[in-house]
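Worksheet: the structure to be examined is printed underneath.
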Amino acid sequence: MTATGDDRNDGSGPEEFGAPERKTPWPEKQKGPVLLRRDQVGTSTTDQRLLDTTGPTDWLHTDPWRVWRITSEFVEGFGALAELPAAISVFGSARTPVDSPEYAAGVAIGRALSEAGYAVITGGGPGAMEAANRGASDAGGLSVGLGIELPFEQGLNEFVDLGLNFRYFFVRKTMFVKYSQGFVVLPGGLGTLDELFEALTLVQTKKVTRFPVILFGTAYWGGLVDWLKNTLVSQGKASPQDLELFHVTDEIGDVLKILEESRRPNGTEV
């Protein structure tokens, strides 16, 4: 029975209510699959906002729009790189001086990789990245640069033949891993370490397989390797087998041998 007048619920059962009286109809609007009511109802339509070029541009910076922007970066990257030959990514510091031994090593590595039939992919910037691109370009190979939008670094270096600039680090990182058969890591800073440890994590967790990671420069990387062995592994934070996920060398011949032993066809699902 519906409670009316002086009727009250006596506590012996659930109280029953009739349909609520709607004194003032509230605003209601359907926006695609979304239902809006009361204060959530706007005064314009989707078509109106699309065609009205004098309207606000805040929508460009909202998360739903960013999803499409992220998607477009993946599409552009996949489209541009899908037909690459077997490729190796070379990482290293953007601050490496042109007249340094490390720069010369980068040029030599880029040249050797190109002569071995690999495309060379770098972050497209200056320093060690430019060196590897330069070596590949000098040898007539395909020199690729995957740049990133940063407030304090230059654009793609002049030795890049095929270049893409990304807004999002995670999209760029996907391209490095998806279209590379391995990483060669020259001395570098935080960005280089970021790429290095992400690659090692992907190999350790078997997200990628047969993916060699080569640290070039025993003097530079020796301290890191000692810390991994004597701190990380010795304290049980990593297993001894994790030290086998990477190689350390000073010889370009070793780089080519390690890559050849691990070579897999481009496009293998990772």
Side-chain angles (χ1 to χ4, degrees), residues 70-71 73-94 109-110 113 118-125 128-129 132 144-148 150 164 166-217 220-221 224-229 231-233 235-249 254-270:
I70 291 166
T71 301
E73 287 208 347
F74 276 113
V75 171
E76 289 291 340
F78 292 157
L81 303 174
E83 296 183 356
L84 278 185
I88 301 299
S89 287
V90 181
F91 298 98
S93 175
I109 288 171
L113 291 173
Y118 296 102
V120 173
I121 304 175
T122 77
M129 295 173 281
V144 181
L146 307 182
I148 186 69
L150 294 175
L164 292 88
F166 295 92
R167 289 186 177 91
Y168 302 100
F169 267 116
F170 57 88
V171 179
R172 180 182 184 235
K173 288 179 176 180
T174 299
M175 301 302 155
F176 278 128
V177 175
K178 181 171 176 60
Y179 294 106
S180 296
Q181 273 65 59
F183 284 180
V184 177
V185 189
L186 294 166
L190 295 179
T192 302
L193 292 173
D194 177 45
E195 297 289 356
L196 166 62
F197 281 104
E198 181 166 47
L200 293 178
T201 301
L202 291 172
V203 176
Q204 181 201 49
T205 57
K206 301 189 184 303
K207 294 295 185 180
V208 296
T209 57
R210 300 173 61 194
F211 193 89
V213 178
I214 305 167
L215 306 181
F216 193 87
Y220 186 84
W221 296 112
L224 175 63
V225 174
D226 288 342
W227 179 79
L228 292 174
K229 181 185 302 181
T231 301
L232 217 65
V233 172
Q235 293 186 14
K237 304 299 190 299
S239 70
Q241 290 74 27
D242 290 335
L243 298 174
E244 300 174 5
L245 299 177
F246 59 87
H247 310 265
V248 187
T249 185
D254 290 342
V255 172
L256 297 178
K257 180 180 179 181
I258 293 166
L259 293 175
E260 184 60 32
E261 290 174 351
S262 302
R263 191 163 182 170
R264 58 178 172 79
N266 194 39
T268 298
E269 185 174 344
V270 297

What distance do Lys207 atom NZ and Thr201 atom OG1 have between them, rounded to the nearest 0.5 Å? 12.0 Å
Tyr220 side chain vs Gly188 backbone, donor-acceptor pair below 3.5 Å: yes
Which atom pair, heavy atoms only, marks the closest approach of Val233 to Ser239? CG2-O, 3.8 Å
Is there a donor-acceptor pair closer than 3.5 Å between any side-chain N or O of Glu73 and the backbone N or O of Arg167? yes
Just how far is it from atom CD1 of Ile121 to atom CD1 of Ile88, taken to the nearest 0.5 Å? 8.5 Å
So do Thr174 and Phe166 actually touch side chain to side chain, heavy atoms under 4.5 Å? no
Can you find a heavy atom in the side chain of Phe169 that is under 4.5 Å from one in the side chain of Ile148? yes
If I take atom CG from residue Leu228 and atom CH2 from residue Trp221, how far apart are they, to the nearest 0.5 angstrom? 10.5 Å
Counting C-beta onward and ignoring hydrogens, is there a side-chain heavy-atom pair between Gln204 and Asp242 closer than 4.5 Å? yes
Minimum-distance pair of heavy atoms, taken over all atoms of Leu146 and Val144: CD2-CG1, 4.0 Å
Using every non-hydrogen atom in the two residues, find where Thr192 and Leu186 come nearest and quote the distance to one decimal. CG2-O, 3.7 Å
Taking the side chain as every heavy atom from C-beta outward, state whether Leu81 and Met175 have any pair of such atoms under 4.5 Å apart. yes
Sequence neighbours left out, what passes ring-ring contact (aromatic ring centres under 6.0 Å, His included) with Phe78? Give chain and number order. Phe74
Compare every heavy atom of Gly110 with every heavy atom of Val120, then report the nearest pair and how far apart it is. CG2-O, 3.8 Å
Partners passing side-chain contact (heavy atoms from CB on, under 4.5 Å) against Lys206 (at least two apart in sequence or in another chain): none
List the atom of Pro212, the atom of Leu259, and the distance in Å for their closest heavy-atom pair. CG-CD2, 3.7 Å
What residues form a ring-ring contact (aromatic ring centres under 6.0 Å, His included) with Phe176, not counting sequence neighbours? Phe91
Quick one: pull up CD1 in Ile70 and OH in Tyr168 and give me the separation to the nearest 0.5 Å. 5.0 Å
side-chain contact (heavy atoms from CB on, under 4.5 Å) against Thr249, all qualifying residues, sequence neighbours excluded: Ile214, Phe216, Glu251, Asp254, Val255
By side-chain contact (heavy atoms from CB on, under 4.5 Å) - contacts of Val203 (at least two apart): Val208, Phe211, Leu245
List for me each residue that meets side-chain contact (heavy atoms from CB on, under 4.5 Å) alongside Glu198, sequence neighbours excluded, and say none if there are none. Lys173, Glu195, Leu202
Going from OG on Ser93 to CE on Met129, what distance comes out if it is rounded to the nearest 0.5 angstrom? 7.0 Å
Spatial distance of atom CD (Glu244) from atom CD (Gln241) [nearest 0.5 Å]: 6.0 Å
State, to 0.1 Å, how close Tyr179 and Ala82 come at their nearest heavy-atom pair, and which atoms those are. CE2-CA, 3.8 Å
